2 protein chains.
Amino acid sequence: MTPQPPEPASGRPAPPARRGFPAGERVRDAERTRADILAVATREFADRGYAGARINEIAAKTSTTKRMIYYYFGGKEQLYVAVLEAAYARIRAREQQVDVEHLDAVAAIRELATLTFDHHESHPDFIRLVIIENIHRAEHLTRSTVLSGLADPALDVLDRILARGRAAGVFRDGVDALDVHQVISAYCVFRTANRHTFEAVFGRDMLDPARRRDQREMLGDLVVSFLSAG
Amino acid sequence: MTPQPPEPASGRPAPPARRGFPAGERVRDAERTRADILAVATREFADRGYAGARINEIAAKTSTTKRMIYYYFGGKEQLYVAVLEAAYARIRAREQQVDVEHLDAVAAIRELATLTFDHHESHPDFIRLVIIENIHRAEHLTRSTVLSGLADPALDVLDRILARGRAAGVFRDGVDALDVHQVISAYCVFRTANRHTFEAVFGRDMLDPARRRDQREMLGDLVVSFLSAG
DNA sequence: TCCGTTATGTACCAGGTGGTGAGTTAGGTC
DNA sequence: GACCTAACTCACCACCTGGTACATAACGGA
C-alpha cells in the first residue's frame, strides 16, 4: 500500500489528520482539543496581554477552530480566566515539593530563596500573566476560585524557618513570613518583569546567564543579612 | 439680562467655551490642546495598557476631537511613545533634585532608599506605564530618543555614596551601584506593580497607609544590612 | 445497523477600531 | 479689510473583532 496517497480516488476525500496531529489517531478527542486551546491561549495571553491577544489568532495557532474555543470555554474572558487558573494551579503544585526542614534556619532560608529564584526564572510566562492580571487590578483572579489555599503552603514553610531562626537567636524579631516572602518575590519578579526597560535604561540584562550565579547569591545575601539579628 | 439664554436669538449661536475650559480665553491654543491630549492619553494608557486603550475613548475624554490626535501625534503608537517619553522626562527631572551628599554613607543610602520609596508611591501611573512597556518588551522605549542620560544621574549619586561607605569601612565590597539600584527598584516597583494579585493571594495590601511606615523602614533595613560589611 | 449525543467545521455578522478626506474658522499680518 | 495659515470640525471608511447559526461527522450504546 502506497503511503499517504494525495487524493484517494473515490469515496470520502480525506477524513483524517487534523493540522499538527499525526494521522491515524482519534480525530475526536475532547481532552486534547481543550488542552491544545489552553496551551496556545496561555502563550498568546502571556505574550500580548488580555486586550492584545486575539481569539482569531489563538484559534489559528490551534489544531482546531475558533468555534471550539467558544464550545469549550464560552468566550474570551472565560478562556483567559481558565488560563490564569491553570497557570496558578501548576505553580502551586510545584511549590509544595519544597523540603528545607532538615536544614538549619540560615541555610534553609537561603535554600528557599534560591528555589524561588530558580522557579521564577524558569516560568517567565507565569510572571507575565501575573503582571498582566495586575494591570487589570486582579479582577479576574479575585472572582476566581483557585485562590483558596494558594497562600498557605509557601508561607507555612517560611513561618517555621523563621521561628527556628528566632529560637536559635540568629534571626531578629519584627519580621514576619509575609514580609520575607514579599522581599524575595519582589527581587525575583522584578528581574523578569522589568527586564526590558531595565536593560534599555541601564544597559544590563538582569537575566544574562553570565550573571545568573551572582544574582542568585545576591538574593541569598540580601535575605540572610536582612534577617540576621543586629 | 438673563444669564445664559439657551438660544441667542440672532447671529452666530455660541462661539466660545470648549468643553472643560472657561469661556473668554483663547479658543484656539495648540499648546493646550496637545497637552490636554497627552494628559488624557497618559491616564488611559496607564489604566488599560496599549492594546486596551481606545483612541475613540481618549478623544472623548479630551476637550477636542479624535482628528486632533492624528493632527498632533500621527497615530496611536506615536501617541503612546509620546506619553512614555513625557513620563520618563518628568521622572528624570524630579530625580535630579536629590541631595544626600552631606550625609554619612549609611544615612545617605537610607535617605536615597526612602526618597525612591516615596517617589514610586506617588507615581503609580508611571510604574504602570513601565510595566506595560515591559509587556511589550520595551520595543517603543528602545526606539525612542529619551533614553540618553536617563540612567546617569541616579547612579552617580549611588556610586559616590558606595565609595564613601567602602572608604569608611562600613560597606562591603562586591556590590556595585546598579546592584543596589536593582534591589531598591525591585522592592518599590513590586509594591505597586503586584499590589493586586499579592492582596488577592495573601490578603495583605502592600500599599495600605497603615503599613506605610513599616514598609519604608523595612526597605531601609534591607539595603543597609545588605551593604554593611560582615 | 440505527440513533442520539458529543464534537467539529463553515460561513457569516453586527459593532467597534484605527484612520482619513475635505472642508471651515480663528487669529495674526500687512 | 484682505488674505494666509495653523488649528479645528464633521462625516465617513475599510477592516478587524468577538461572537454565533447551522450543518455535519464521529463515536458509543442498543
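Below, chain A is the first sequence line, B the second, and so on; all start at residue 1. Everything quoted here is computed from the prediction, not taken from an experiment.
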By nearest-heavy-atom nucleotide on DNA chain C, the more 5' of A:Y71 and A:K66 is A:Y71
[N] [atom2] sits how many Å from [X] [atom1], rounded?
| X | N | atom1 | atom2 | result |
| --- | --- | --- | --- | --- |
| B:D29 | D:dT5 | CG | P | 21 Å |
| B:E31 | C:dA26 | CD | P | 21 Å |
| A:N56 | D:dG18 | CG | P | 6 Å |
| B:I58 | C:dG19 | CD1 | P | 11 Å |
| A:I69 | C:dA7 | CD1 | P | 16 Å |
| B:I37 | C:dG18 | CD1 | P | 15 Å |
| B:R48 | C:dT17 | CZ | C1' | 15 Å |
| A:K76 | D:dT20 | NZ | C1' | 17 Å |

Are any of [X]'s side-chain N or O atoms less than 4.0 Å away from OP1 or OP2 of [N]?
| X | N | value |
| --- | --- | --- |
| B:T65 | D:dC10 | no |
| B:Y70 | C:dT20 | no |
| B:T64 | D:dT9 | yes |
| A:T33 | C:dA7 | no |

Got a second to check how far B:T192's OG1 is from B:I131's CD1, nearest 0.5 Å?
-> 9.5 Å
Looking for any heavy atom pair under 4.0 Å, which part of the strands does B:A53 touch: base, sugar-phosphate only, or nothing?
-> sugar-phosphate
Looking across every strand, which nucleic acid part, if any, lies under 4.0 Å from B:Y72 by heavy atom: base, sugar-phosphate, or nothing?
-> sugar-phosphate
With no hydrogens and no angle check, do the side chains of A:N134 and B:T197 hold a donor and an acceptor under 3.5 Å apart?
-> yes
Are more than 12 heavy atoms from other residues, nucleotides or ligands located less than 6.0 Å from atom CD of B:E101?
-> yes
Of residues 134-143 of chain A, the positions that come close to DNA chain D - non-hydrogen atoms, cut-off under 4.0 Å | none
Is the shortest heavy-atom distance from the side chain of A:Y72 to the side chain of A:I37 under 4.5 Å?
-> yes
Taking for each residue the nucleotide of DNA chain D bearing the nearest heavy atom, is the 5' side occupied by A:R67 or by B:M68?
-> B:M68
Partners of B:N56 by side chain to side chain contact (heavy atoms under 4.5 Å, CB included), sequence neighbours excluded?
-> B:K66
Those residues at least two apart in sequence (or on a different chain) that pass side chain to side chain contact (heavy atoms under 4.5 Å, CB included) with A:D205 are A:R195, A:E199, A:L207, A:D208
B:E133 pairs by side-chain hydrogen bond (donor to acceptor under 3.5 Å, both in side chains) with which of B:Y88, B:Y80, B:Y50?
-> B:Y80
